[in-house]
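Heads up, the thing below is written out as structure tokens.
What you see below is based on every heavy atom in this structure, not just the backbone, and it leaves out hydrogens, waters and symmetry mates. Note that the structure is a prediction, hence the values are computed from the model and not measured.
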Amino acid sequence: MADMLTRLIPLFPLLACLITAVAGAKWLKEKSHWPVVIGCGLSSLCSLALLFSIPNTPGEQVQPVVLYQWMQIVEPKIENGPVYAPGAEGVSPGLDLKISLRADSLSTTMLAMLTFVATLVAVYASGYMHGDRAYWRFFSIVGLFVFSMIMLVLSANFLQLFVFWEAVGLCSYLLIGFWYEKPEAAAAGMKAFVVNRIGDFGFATGVFLIWTTFGSTEFSAVLGDSAAIAKLASTNPYLLTTICLCLFTGAIGKSAQFPLHVWLPDAMEGPTPVSALIHAATMVTAGVYLVARCTPLFQLAPDAQVFVALIGGITALLAALIALTQNDLKRVLAYSTVSQLGFMFLGLGTGSLVGIGGAMFHLVTHAFFKALLFLGAGSVMHAMGGVIDMREFRGLKRLMPQTHTTFLIGALALAGIPPLSGFWSKDTILGAVYEQAHAHHEPAVAGAAPTATDEHADESHATTSAPPDKTMFGVSRVKLFGWLYWLGTLTAFLTAFYTFRAFFLTFYGGPEKVPHAAGHHAHESPPSMCNPLWILSGGAALLGLLLGHMTGIFDGYLSGTIDGLKEASHEHGINWLVAAVSSVVAAIGVGLAWVMYKEPSAIPGRLAALAGPFTRLSEHRFYLDEVYSVFVVKPLQGLAHFSRFFDWLFVDGLFVTGVSKLPAVLGRLPRPIQNGLVQFYALAMMLATAVLMWALLSKQT
Amino acid sequence: MTFSELLTKLTADTQGSLLPFAPELCIVGTILLLLFVRLLDLDRWLPPALVAIAGAVVALGLSARQFSEFSGTDAHVQTMFTGLLVYDPFTVFFRIFLLLFLLFVIYLTIVTGIPDAEDSPDFYTLLLGSTLGMLLMVSANNLLMVFLAIEMTSLPSYAMAGFLKGRKTSSEAALKYVVYGAGTAGVMLFGISLLAGLLGTTHFPQMGPALMELARQEHFTMASPEFRTLAIGILMVLVGVAFKLSLFPFHFWCPDVFEGAAAEVGGFLSVASKGAAFALLIRFLLALVGGSAAPGGGPHSLYLQIGIALSLIAVVTTTFGNLAAYFQTNIKRLLAYSTIAHAGYMLMAVGSMMVVLNSPVGEMFAGETRSETAAGCVQGLLYYLVVYFFMNLGVFAIVAFVRNATFGKNNTGEELSDYAGLVGQSPVLAICLLICVFSLIGLPPFGGFFGKFMVFYSVLASTQAHWVMWIVLVAGLFNTVFSLFYYLRVLKCAFIDSRPAEARVVDVDMGSDAGRYALLVTVPVVLLGVAVEPISRVAREVAGWLLNT
């Protein structure tokens with residue numbers, strides 16, 4: 001049953017993609033969304049069914065469904081193959097790659113969220129993209145994206161994961177540059193692609209390292225073998241840390257973390273449903289999924305974990321600061337996405353099971369409320385005739401009541417106001433950070449992997465768990481997490497503030513104003529767009545309450561993959577102090593936004609002037625794009641020009657053209673011999689025979 | 001042994017030989033039938049082309065049946081007619097090769113209509129006669145038979161080269177061919193008589209042991225007259241084969257003959273005659289080496305020299321062909337040089353085989369035994385020949401079609417300029433031309449790439465045996481680059497240049513016989529590149545049988 005479902009889930013979107021690609025332009029035309037909507041819907045139903053049909057018992061190895069053998073190279077044996085794997089002496093498994101689907105609780109959770117949001121976004125897009133010239137192309141690529149993302153989540157080995165990691169990157173590129181006739185869109189697509197290459201390079205290196213170290217890329221052989229990881233951590237901790245950092249580099253690129261976050265805000269050039277689906281809810285969370293999936297590795301590499309936490313914290317704050325001054329509604333949301341992804345990495349970086357569970361939970365709730373906010377922004381944009389600059393419109397509450405209400409729910413969830421979903425997940429992460437900051441005993445590094453039952457694993461606990469007072473970058477770990485906690489709380493405040501700034505600027509802020517582009521028929525969006533908003537806002541409002549700490553359902557389910565999560569979260573419970581602080585801080589943020597932006601006032605202007613240099617820093621996104629331009633883009637352009645010159649002069653000029661001249665020159669040589677005189681031919685034949693005889697005989701004497 | 005006993009033995013031997021000899025007998029019968037058709041003026045009711053096709057089909061069917069009998073069994077070598085001919089998988093492989101090619105050529109002549117109704121019985125008689133000679137070449141087991149077979153192949157070829165009676169160049173070509181052929185035949189016969197006199201036998205299986213016996217004698221040194229006579233004899237026989245293969249410097253006839261003769265004849269000579277000559281060359285060289293083990297002493301150093309000499313001649317031939325083709329404007333002349341170059345590539349495999357078999361360096365080559373490596377060389381040659389069959393015939397067929405379409409009063413229809421803008425006129429011909437030419441260059445994924453790959457691989461294997469083979473390998477690779485330029489010139493003409501307004505129209509589309517024929521020949525070129533395994537496995541088995549591995 002579960003196997004059957006697992007096969008069907010990626011099949012439907014793939015079929016939808018193919019059908020739309022083949023029949024879209026000629027036959028389906030404005031009905032092109034149907035295959036994708038139906039495909040995603042069926043896939044979503046199967047995913048929900050799969051949630052309940054996998055044998056979700058902790059510690060049990062999941063048997064992947066093998067689709068086919070990709071390659072199998074057993075020989076020639078690599079002499080010093082899996083150096084650190086147990087029983088490595090003389091055994092080398094070579095390269096054994098299968099395309100297989102692995103459904104465990106982590107991947108099914110992702111799947112359920114992914115396919116559900118994808119279905120809603122597809123329905124929404126059928127309204128939003130209506131009348132577009134390349135309607136069928138849009139849906140075909142969306143189908144391909146959903147298929148690739150499903151395959152990514154279901155991968156049972158690192159290489160397949162990497163392949164579909166690239167595939168979703170390709171879809172992202174195609175969709176960002178969907179309106180390629182717009183130069184900004186084309187440039188943004190290219191930027192996303194190029195920046196992601198940097199991260200992918202790190203990821204690929206990490207996969208290679210895993211293969212040479214463990215002799216396999218299968219999750220079961222790498223992540224499931226706690227003894228091998230423990231042995232590696234005790235014999236060569238630097239290698240393990242390097243592997244983790246390489247994998248995390250991939251996550252930095254895909255999940256738009258500092259310093260590679262610059263592509264995501266530009267990616268907003270793509271159609272808004274794409275921003276909601278790919279650049280908020282699903283693809284950008286692939287990095288979080290990767291790190292969560294590799295928990296067994298990260299657990300024994302505490303240095304790498306602290307690095308993850310630091311990057312996450314810095315990104316969260318930085319993006320929140322930039323979001324304060326953006327005037328483009330979608331860009332505010334984009335920076336907010338970057339910031340929230342930073343939160344997730346902060347949770348992953350704590351190294352405690354509660355933090356990891358919190359990060360995954362935040363991933364799911366964030367998918368709902370951020371998709372909701374983006375779709376709401378899209379609804380506004382649709383009504384405003386494609387204008388998304390918040391200075392161009394205001395007071396839209398009366399005009400778009402449905403969008404207003406759903407957007408409000410989403411904004412409250414994002415701000416972390418209880419009891420909406422964002423509150424619960426964000427609070428779990430902050431609680432985990434707080435706990436690390438006040439840890440006087442060993443941090444809760446529970447079962448490093450699902451099968452941590454043998455002696456090796458017990459040893460690993462004793463030898464490799466980080467002592468609480470270990471110093472990193474000259475600061476003790478406890479102190480570091482203390483700072484990160486306050487940094488996170490500050491970010492929570494900023495999040496509430498900028499979210500409601502955007503909300504008030506759009507729906508309130510004085511009398512109704514509509515840009516020229518909207519014409520006279522600015523109106524609420526059609527039901528195909530509003531209904532998904534309502535469904536998503538239901539999720540954004542209730543998910544935290546239903547699945548979060550109050551019931552423990554989410555943690556309980558996820559403990560099938562992250563062993564011990566249920567017990568850990570049960571033991572720790574809710575840190576009411578942290579919850580209270582973050583709620584109060586969020587409320588202050590909302591209140592401040594109310595005061596400043598509910599009605600047009602002079603306060604924001606005066607404040608901005610007061611904080612002059614900081615405002616400019618935020619407005620210019622900390623000048624990071626400029627820094628990259630000077631230190632990376634310009635030198636690379638110089639190199640490119642030089643390469644082109646080199647190619648022109650040496651490769652093309654001297655080598656290729658040179659060789660092509662050679663036959664012309666040498667070709668003249670045989671011409672006189674072929675003179676057409678048969679007497680000469682006979683003579684030449686005899687002479688040649690004589691010469692050959694002479695050559696043969698003179699050699700022998 | 002009394003006379004009656006001898007007679008009984010002879011009768012038994014002849015009767016036993018008839019069955020393996022059935023395909024040849026069938027061709028002989030067809031030739032007789034064609035002559036009767038001519039004599040009794042029946043050719044209006046019984047088209048000679050159909051008679052020829054029927055004969056070829058029956059012979060091909062018999063050969064295919066013979067081949068299927070071989071598969072699955074161990075090497076089953078049988079001699080025919082008191083040892084004059086040999087019947088083994090190698091023979092039958094080439095029988096199929098030649099008869100299938102004969103079929104394709106007859107079909108081509110039907111499509112192009114080159115022998116007119118009046119002349120067609122004569123033409124097909126000559127064509128079948130030449131093929132019969134080739135069939136004998138590939139099964140020759142005796143020096144005498146070698147000479148007879150080569151002459152039997154050559155004489156009809158001379159006549160076919162001059163078959164376009166009205167054209168001056170055609171007659172001139174035939175005359176040059178005859179003179180040159182007669183010269184080399186003389187040299188070869190001289191060589192055969194020297195060898196026969198020295199060894200006391202002309203029978204291939206006895207030559208190897210006789211040579212070893214000779215080498216064991218005390219006064220047999222490098223400087224002894226016997227040794228010199230031996231070397232000269234072998235060399236002279238090789239000259240005869242080199243003429244058939246148009247190897248430099250025995251290639252002079254080739255461009256003139258190809259330019260003068262009809263494209264159909266050119267295609268026939270370039271593939272069938274070369275294939276048969278390569279089979280003969282391999283048989284002769286293997287007869288010299290014999291079954292003698294332990295190389296290093298005696299005549300083996302001479303054989304190694306011959307192997308290296310063949311490889312170097314291959315390099316010079318290929319380079320010469322590729323360079324000389326560069327300035328040609330006549331497509332048939334260009335293709336003549338192209339066939340010279342390809343003979344060079346194929347000869348590299350033969351040279352490698354000879355070097356591998358006679359090298360004093362160990363018995364193992366990269367994990368394979370000596371004879372396995374040699375079988376690899378033969379395999380490469382056979383695969384190359386099979387691909388060459390289709391790609392070269394394809395090009396010559398297209399030349400014939402374009403000639404038929406553009407032939408005019410002041411225009412032979414065989415200049416490169418006649419191909420300008422072909423793609424706009426007849427896309428199917430242009431695409432087929434593109435595929436065949438790409439395959440001739442050796443670009444993947446077409447068959448030519450894998451043929452070349454296997455040949456170069458065998459050269460690479462032989463570099464272990466002698467360092468000179470590195471030069472051969474590098475020269476072969478460079479030649480592939482050189483050949484690009486003139487082949488691409490043809491394609492540039494067909495695809496990029498625009499057709500002059502006054503040029504005649506080539507209206508060959510997919511539905512026409514010519515278009516179908518071009519496709520029929522081109523599809524195998526692609527298939528041989530896509531599915532290498534089936535034919536290469538057959539080639540490997542045949543080579544393995546030949547070399548007893």
[X], part contacting chain A, at a heavy-atom distance under 4.5 Å:
| X | value |
| --- | --- |
| Ser483(B) | neither |
| Tyr337(B) | side chain |
| Ala309(B) | neither |
| Phe252(B) | both |

If you count heavy-atom pairs under 4.5 Å between each of [options] and chain A, which one has the most?
| options | answer |
| --- | --- |
| Phe327(B), Phe320(B), Phe482(B) | Phe327(B) |
| Leu323(B), Leu484(B), Val481(B), Asn322(B) | Leu323(B) |
| Leu175(B), Val187(B), Ile232(B) | Ile232(B) |

For [X], is the [atom1] atom crowded, meaning more than 12 foreign heavy atoms sit under 6.0 Å from it?
| X | atom1 | answer |
| --- | --- | --- |
| Phe193(A) | CZ | yes |
| Phe201(A) | CZ | no |
| Arg197(A) | CZ | yes |
| Phe485(B) | CZ | yes |

TODO: Start with the C-alpha gap between Ile313(B) and Leu692(A), add the side-chain angles, then the distance that decides, and say whether side-chain contact (heavy atoms from CB on, under 4.5 Å) holds.
DONE: CA-CA 10 Å; Ile313(B) 287 178; Leu692(A) 283 176; 4.3 Å; yes
Can you tell me how far [atom2] of [Y] sits from [atom1] of [X], rounded to the nearest 0.5 angstrom?
| X | Y | atom1 | atom2 | result |
| --- | --- | --- | --- | --- |
| Met685(A) | Trp253(B) | CE | CH2 | 13.0 Å |
| Lys176(B) | Gln679(A) | NZ | CD | 9.5 Å |
| Met693(A) | Ile234(B) | CE | CD1 | 12.0 Å |
| Leu669(A) | Tyr326(B) | CG | OH | 13.5 Å |

Open item on the list: Once you measure the plane-to-plane angle for Tyr180(B) and Tyr681(A), does it fall in the parallel (<30°), tilted (30-60°) or perpendicular (>60°) bin?
Closed with: perpendicular
Open item on the list: A side-chain contact here means heavy atoms from C-beta on lying under 4.5 Å apart; do Phe250(B) and Thr689(A) qualify?
Closed with: yes
